[in-house]
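Encoded as structure tokens, the structure appears first; notes follow it.
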Amino acid sequence: MTVEGTPCDITEGACIRLSTDESWLISGGKVEYGPVPITSGRPGYETPTGYFPVLYKVKDEWSRPYNAPMPYSTYFTDYGIAFHEGSLTDPSHGCIHLSMEAAITYFENLQVGEQVQVVA
């Protein structure tokens, strides 16, 4: 059963729909925040689909491989995929780009261990 207004079935965490470039925060089985616009991985760096746990958060992160800032990073894979503030027009190298306001909201509200569900 999906959470009303989303394509996801998790009850706590974040939902991402890649096909429409949008994401939501879900709490208690209801939409708490969103939908918000996102950008995701470019060809060759596609954002993975599936269920992932929030692993850790870094407020002032810097991507060494891409020499770029990643403010308010909330990581959900062990190979560097995170929500963070970034361009809403240019695709990423797999991360989920959010507006600054949304990145801060996700950073402050997602807790380590909560679920991130990514659907195509």
Side-chain angles (χ1 to χ4, degrees):
M1 183 129 160
T2 60
V3 173
E4 187 175 343
T6 80
C8 295
D9 58 18
I10 59 168
T11 57
E12 300 289 335
C15 172
I16 302 163
R17 182 166 46 202
L18 300 174
S19 63
T20 57
D21 291 326
E22 56 190 343
S23 181
W24 301 259
L25 288 179
I26 297 169
S27 180
K30 296 183 190 295
V31 172
E32 188 83 8
Y33 181 75
V36 296
I38 65 159
T39 52
S40 60
R42 64 188 70 203
Y45 297 92
E46 289 83 1
T47 303
T49 58
Y51 297 85
F52 307 91
V54 173
L55 297 172
Y56 61 99
K57 304 188 285 188
V58 182
K59 184 178 178 185
D60 296 310
E61 185 67 296
W62 186 267
S63 170
R64 286 183 293 272
Y66 304 109
N67 195 30
M70 296 172 51
Y72 296 96
S73 287
T74 302
Y75 286 90
F76 58 91
T77 76
D78 57 6
Y79 47 92
I81 306 293
F83 292 103
H84 63 83
E85 188 276 329
S87 171
L88 292 177
T89 56
D90 296 329
S92 72
H93 288 92
C95 288
I96 299 297
H97 286 171
L98 298 164
S99 69
M100 182 61 84
E101 175 190 334
I104 292 169
T105 301
Y106 277 49
F107 186 86
E108 290 176 345
N109 287 279
L110 284 171
Q111 302 303 314
V112 171
E114 285 185 330
Q115 290 293 295
V116 175
Q117 183 178 355
V118 184
V119 299

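Being a predicted model, the structure only gives us computed values, none of them experimental.
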(request) For residues V119 and P7, report the shortest heavy-atom separation together with the two atoms involved. (result) CG2-CG, 3.5 Å
(message) Strictly by salt bridge (Lys or Arg N to Asp or Glu O under 4.0 Å), give each pair with a member in residues 79-105 just once, sequence neighbours left out.
(response) none
(message) According to side-chain hydrogen bond (donor to acceptor under 3.5 Å, both in side chains), who are the partners of D9, at least two apart in sequence or on a separate chain?
(response) Y51
(message) Testing the basics here: between A82 and C95, what is the closest heavy-atom pair and its distance to 0.1 Å?
(response) O-CB, 3.2 Å
(request) Just jot down the salt bridge (Lys or Arg N to Asp or Glu O under 4.0 Å) partners of E22, sequence neighbours excluded, or say none. (result) R17
(request) Can you sort out the partners of C8 under disulfide bond (SG atoms under 2.5 Å apart), two or more places apart, ordered by chain and number? (result) C15
(message) Let me check something: do I26 and V54 share a hydrophobic cluster, defined by ILVMFWY side-chain heavy atoms less than 4.5 Å apart, either directly or through other members?
(response) no
(request) Please examine the side chains of F52 and I81, heavy atoms only from C-beta on, and report whether any two atoms are closer than 4.5 Å. (result) no
(message) Could you go through S99 and L88, starting from their C-alpha distance and side-chain angles, then the distance that decides it, and tell me whether this counts as side chain to side chain contact (heavy atoms under 4.5 Å, CB included)?
(response) CA-CA 7 Å; S99 69; L88 292 177; 4.1 Å; yes
(request) Considering non-hydrogen atoms only, spot the tightest contact between S40 and I96 and give its length. (result) CB-CD1, 3.8 Å
(message) Suppose the criterion is side chain to side chain donor-acceptor pair (under 3.5 Å): which pairs have a residue in residues 72-83, not counting sequence neighbours?
(response) E61-Y75
(message) Would you say V31 ends up clustered with Y106 if hydrophobic residues are merged whenever their side chains have heavy atoms under 4.5 Å apart, either directly or through other cluster members?
(response) no
(message) Starting from I38, can I reach F76 by hopping between I/L/V/M/F/W/Y residues whose side chains sit under 4.5 Å apart?
(response) yes
(message) So, using side chain to side chain contact (heavy atoms under 4.5 Å, CB included) as the criterion, who are the partners of T2 when residues are at least two apart?
(response) none
(message) Going by the rule side chain to side chain contact (heavy atoms under 4.5 Å, CB included), which residues pair with Q111 if we only count those two or more places apart in sequence or in a different chain?
(response) K57, E114
(request) Name all residues meeting the side-chain hydrogen bond (donor to acceptor under 3.5 Å, both in side chains) criterion together with T39; count only those two or more places apart in sequence or in a different chain, and write none if there are none. (result) H97
(message) List the residues meeting side chain to side chain contact (heavy atoms under 4.5 Å, CB included) with T11, not counting sequence neighbours, and say none if there are none.
(response) none
(request) Please report the closest heavy-atom contact between L110 and A14, naming both atoms and the distance. (result) CD2-N, 3.9 Å
(message) By the ring-ring contact (aromatic ring centres under 6.0 Å, His included) test, which pairs, at least two apart or in different chains, include something from residues 17-44?
(response) none
(request) Give me the other members of the hydrophobic cluster that Y66 sits in, counting Ile, Leu, Val, Met, Phe, Trp and Tyr linked by side-chain heavy atoms under 4.5 Å, directly or via other members. (result) Y45
(request) Report the residues that fulfil side-chain hydrogen bond (donor to acceptor under 3.5 Å, both in side chains) with S19, sequence neighbours left out, ordered by chain and then residue number. (result) none
(message) According to a hydrophobic-cluster definition based on side-chain heavy atoms being under 4.5 Å apart (Ile, Leu, Val, Met, Phe, Trp, Tyr only), do L98 and L25 belong together?
(response) yes
(message) What verdict does the side chain to side chain contact (heavy atoms under 4.5 Å, CB included) test give for V3 and I10, after you've listed the backbone C-alpha separation in whole Å, the side-chain angles of each residue and the deciding distance to 0.1 Å?
(response) CA-CA 7 Å; V3 173; I10 59 168; 5.7 Å; no
(request) Group every Ile, Leu, Val, Met, Phe, Trp and Tyr by side-chain heavy-atom contacts under 4.5 Å, then state whether Y56 and M70 land in the same group. (result) yes
(request) Would you give the length of the straight line joining atom CD1 of I16 to atom CG of D21, rounded to the nearest 0.5 angstrom? (result) 11.0 Å
(request) Without swapping roles, check the side chain of E12 against the backbone of G29 for a donor-acceptor pair under 3.5 Å. (result) no
(message) How close do L18 and T47 get, counting heavy atoms only, and between which atoms?
(response) CD1-O, 3.8 Å
